[in-house]
Number of protein chains: 2
Amino acid sequence: MTDMDAYERLIKTFTPRDDLSSDDIALLRSMPLRIATYGKGEEIIAQDSEVSESCLMMTGWTGRAVYLESGKRQITALHIAGDFVDLHGFTLKYMDHSVVALTATQVAFVRHDELKKITHVSPHLTRLFWMLTTIDGAVQRTTIASLGRRPALERLGHLLCELDCRLSVVGLAQDHRYDVPLVQEELADILGLSVVHMNRTIQDLRKAGLVTWQGSRIVIHDFGKLTQFSGFDPRYLNFIKRER
Amino acid sequence: MTDMDAYERLIKTFTPRDDLSSDDIALLRSMPLRIATYGKGEEIIAQDSEVSESCLMMTGWTGRAVYLESGKRQITALHIAGDFVDLHGFTLKYMDHSVVALTATQVAFVRHDELKKITHVSPHLTRLFWMLTTIDGAVQRTTIASLGRRPALERLGHLLCELDCRLSVVGLAQDHRYDVPLVQEELADILGLSVVHMNRTIQDLRKAGLVTWQGSRIVIHDFGKLTQFSGFDPRYLNFIKRER
DNA sequence: CGAGCTTTTGAAGAACGTCAAGAGTTGTGG
DNA sequence: CCACAACTCTTGACGTTCTTCAAAAGCTCG
């Protein structure tokens with residue numbers, strides 16, 4: 001994990017969803033990448049800015065944050081290793097949100113002119129990059145359903161199930177155990193709750209015996225039970241290999 | 001409006017965001033379309049199904065509905081003329097939500113093999129189709145921010161501002177007047193509220209003097225005031241012409 | 001050890017949901 | 001054209017969920 005290079009990281013983002021040809025891989029490897037690091041709390045991309053490159057997560061956690069006029073903040077998405085945080089910037093240019101490093105973070109930037117080149121030479125890779133943005137949309141729809149129709153406890157349970165799946169795929173969770181290096185205020189901004197209610201909801205989840213949660217370490221005791229309780233169905237994550 | 005053909009409709013979806021060359025237009029016109037109509041309440045695409053075509057809205061209103069185990073429903077997006085409701089199905093195939101006709105509806109289906117062909121022959125059109133799905137993502141992020149951090153009244157105000165903008169572009173709103181052919185239960189499912197609270201929120205909005213709302217007819221008295229009140233910033237809709 | 005951050009607790013209130021019923025509207029069949 | 005059924009909107013009463021304010025307790029790091 002530690003010494004995985006950025007190209008391998010990128011390749012491993014695609015392979016759970018479709019096979020890559022050796023030409024595909026060679027083309028990916030031909031793209032220049034710019035590695036950058038950020039400290040905890042740093043802003044990687046500013047809300048309302050215009051972008052000409054997009055960033056792939058190597059290590060750490062980032063979030064997409066929307067700051068409202070009221071001073072409130074909503075984190076609309078959480079990103080971990082292998083996620084292309086702002087690939088939508090390739091077609092939009094305008095950033096409707098900021099990207100913040102929630103932990104120390106290493107990312108690899110790809111210039112948009114390189115992505116544009118790919119749309120000219122590889123329809124298949126183009127569709128795969130496109131797919132990454134539509135999977136992102138699927139995750140967002142699930143978030144909308146959670147925020148709109150699930151009470152706090154189920155919302156939290158659903159998030160933990162999603163993180164379990166996503167972290168497992170990149171080797172950051174085993175046996176339904178993983179670290180969530182976020183403070184409760186950040187979790188509250190993800191789940192649309194106040195910090196106080198976030199804290200009480202976590203305690204409720206503990207009391208329900210569904211998870212052990214000490215510091216940043218989370219252990220899900222009965223994953224099936226948690227998925228059922230929170231209405232989690234992993235299919236929206238599209239971890240399925242098919243021709244795309 | 002009434003006798004606009006499906007190709008014109010499609011072209012008009014792109015042109016507010018980027019210019020099309022005559023080759024682009026010819027290519028779009030070469031795609032076979034299948035026109036279909038649906039009655040109010042009919043399901044156009046079933047949740048959890050696999051799709052091999054995507055549909056462009058010609059007339060009417062549709063919504064993306066997620067049905068939860070609890071029996072609750074969340075409408076994650078609203079679609080009107082010119083919207084490509086399930087273009088993400090091209091890269092995902094799996095539908096994590098259903099598409100329902102909220103009014104009588106006419107749509108044009110495009111087969112995915114035709115879209116695939118486009119990825120082989122037109123990088124530019126490919127990026128434009130891709131853009132439609134990323135704009136969709138931007139709208140979803142705004143929805144997440146609304147559901148997570150805005151109280152009911154502002155949430156409703158924000159929705160009305162968004163609809164005003166989107167309907168105006170396709171000629172279905174003038175002078176901040178338009179029709180919303182939805183019952184309050186549907187609005188509640190969009191805004192994540194109960195029907196009763198939806199009703200009271202609409203009444204609050206009326207009392208605040210911000211809109212007149214009789215039957216399906218909505219008149220926004222002071223659009224600037226409403227945008228300010230609800231924190232609406234239209235930039236996320238990406239109605240800006242630029243090279244994509 | 002102390003400052004600053006994070007978690008936790010209590011108490012009070014606001015926002016929103018649920019239940020139940022009445023009023024208004026629309027559509028349909030006789 | 002009327003009557004009735006079904007749907008939609010509205011209102012009231014009450015309960016629950018969640019927020020806000022305030023402060024205490026625990027943790028971390030220099």
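Residue numbers start from 1 in every chain, and the chains themselves are labelled A, B, ... in the order their sequence lines are given, proteins ahead of strands.
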**Prompt:** Does the side chain of A:R64 pick up a donor-acceptor pair with the side chain of A:Q140 at under 3.5 Å?
**Reply:** yes

**Item:** Interatomic distance where CG belongs to B:L191 and P belongs to C:dC16 [whole Å]
**Value:** 11 Å

**Prompt:** Got A:F109 and A:S54 here, is their nearest side-chain heavy-atom distance under 4.5 Å?
**Reply:** no

**Prompt:** Does A:Q203 place a side-chain N or O at less than 4.0 Å from the phosphate oxygens OP1/OP2 of C:dT9?
**Reply:** yes

**Asked** More than 12 heavy atoms of other residues, nucleotides or ligands under 6.0 Å from NZ of B:K12: is that the case?
**Response** no

**Request:** For residues 39-69 of chain A, pull every pair meeting ring pair (Phe, Tyr, Trp, His ring centres under 6.0 Å), keeping only residues two or more places apart or in separate chains.
**Result:** none

**Prompt:** Can A:D83 and A:R166 be said to form a salt bridge (Lys or Arg N to Asp or Glu O under 4.0 Å), step by step?
**Reply:** CA-CA 10 Å; A:D83 289 346; A:R166 291 170 58 191; 2.7 Å; yes

**A:I202 CD1 - C:dT7 P separation (whole Å)** = 7 Å

**Asked** So does A:N199 get a side-chain nitrogen or oxygen closer than 4.0 Å to the phosphate oxygens (OP1/OP2) of C:dT7?
**Response** no

**Message:** Please determine whether salt bridge (Lys or Arg N to Asp or Glu O under 4.0 Å) holds for the pair B:R235 and B:D233, giving the CA-CA distance in whole Å, both sets of side-chain angles, and the decisive distance to 0.1 Å.
**Reply:** CA-CA 6 Å; B:R235 285 179 288 180; B:D233 174 348; 2.7 Å; yes

**Message:** Within the 3.5 Å criterion, strictly below it, is a donor on B:E162 or B:Y236 matched to an acceptor on the partner's side chain?
**Reply:** yes

**Asked** Side chains of A:L237 and A:I135: does their closest heavy-atom pair fall under 4.5 Å?
**Response** no

**Asked** Angle class for the B:H158/B:F232 ring planes (parallel below 30°, perpendicular above 60°, tilted otherwise)?
**Response** perpendicular

**Request:** Spell out protein contact along nucleotides 12-30 of chain D as letters: B when the base is contacted, S when just the sugar-phosphate is, - when no protein heavy atom is under 4.0 Å; keep the 5' to 3' order.
**Result:** BB----BBBB---------

**Asked** Between C:dC16 atom C1' and B:L156 atom CG, what is the distance in whole Å?
**Response** 15 Å

**Prompt:** So what is the end-to-end bend of the helix from C:dC1-D:dG30 to C:dG30-D:dC1, with 5 pairs used at each end and the value given to 10 degrees?
**Reply:** 40°

**Item:** DNA chain C-proximal residues of residues 204-219 of chain B, any heavy atom under 4.0 Å
**Value:** none

Please enumerate all protein N or O atoms sitting under 3.5 Å from an N or O of nucleotides 2-6 of chain C, with distances to 0.1 Å.
none

**Candidate pair A:D189 and A:K72, rule salt bridge (Lys or Arg N to Asp or Glu O under 4.0 Å), full reasoning** = CA-CA 9 Å; A:D189 284 343; A:K72 289 179 176 169; over 6 Å; no

**Asked** Above 12 or not: heavy atoms from other molecules or residues under 6.0 Å from CD of B:E185?
**Response** no

**Asked** With under 30° as parallel and over 60° as perpendicular, where do the rings of A:H97 and A:H88 fit, or are they tilted in between?
**Response** tilted

**Complete:** Sorted by chain and number, sequence neighbours left out, side-chain hydrogen bond (donor to acceptor under 3.5 Å, both in side chains) with B:Q184 holds for B:N199

